[in-house]
Amino acid sequence: MTEAVIEALESELQREREQVPLAERLAVISNDLKAKAGGGGRDLTKDEIDEMWGHS
């Protein structure tokens, strides 16, 4: 039984090592959303940000 647990843990560690790092996955998502948003738009003011968060 101990050997089975060790093998399962080693397998999980190997799977984690092969996974694309979170920062890279988030960068891909961010770039995709930026491309979909296109140009234009504007920066929000501090008052607008406070209003969104309910800090009027």
Side-chain angles (χ1 to χ4, degrees):
M1 186 166 172
T2 301
E3 188 63 31
V5 172
I6 291 171
E7 286 180 22
L9 289 171
E10 287 175 344
S11 175
E12 186 64 21
L13 286 172
Q14 183 62 33
R15 189 176 72 80
E16 284 291 321
R17 281 188 215 107
E18 293 172 353
Q19 193 172 29
V20 176
L22 178 60
E24 289 180 30
R25 291 181 297 186
L26 291 175
V28 169
I29 293 168
S30 174
N31 292 336
D32 183 49
L33 291 174
K34 284 179 187 175
K36 288 179 181 177
R42 63 177 176 79
D43 291 337
L44 294 175
T45 66
K46 181 179 181 329
D47 289 338
E48 290 171 321
I49 294 170
D50 287 345
E51 186 177 331
M52 281 193 311
W53 288 100
H55 300 158
S56 298

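Note that the coordinates shown come from a computational prediction; the quantities given were computed from them, not determined experimentally. Both backbone and side-chain heavy atoms feed into the values below; hydrogens, waters and symmetry mates do not.
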Below 4.0 angstrom, N of the basic side chain to O of the carboxylate: do Glu12 and Arg15 qualify?
yes
Show which side-chain atoms of residues 3-11 pair as donor or acceptor with protein atoms under 3.5 Å away, not counting sequence neighbours.
none

Is there a donor-acceptor contact under 3.5 Å from the side chain of Asn31 to the main chain of Ala27?
yes
Grouping ILVMFWY residues whenever side-chain heavy atoms fall under 4.5 Å, the cluster of Met52 otherwise contains Leu44, Ile49, Trp53
Before giving the answer on side chain to side chain contact (heavy atoms under 4.5 Å, CB included), spell out for Arg25 and Leu22 the whole-Å C-alpha distance, their side-chain angles and the decisive distance to 0.1 Å.
CA-CA 5 Å; Arg25 291 181 297 186; Leu22 178 60; 3.6 Å; yes
Check whether Glu24 reaches the backbone of Pro21 with its side chain - one donor and one acceptor, N or O, closer than 3.5 Å.
no
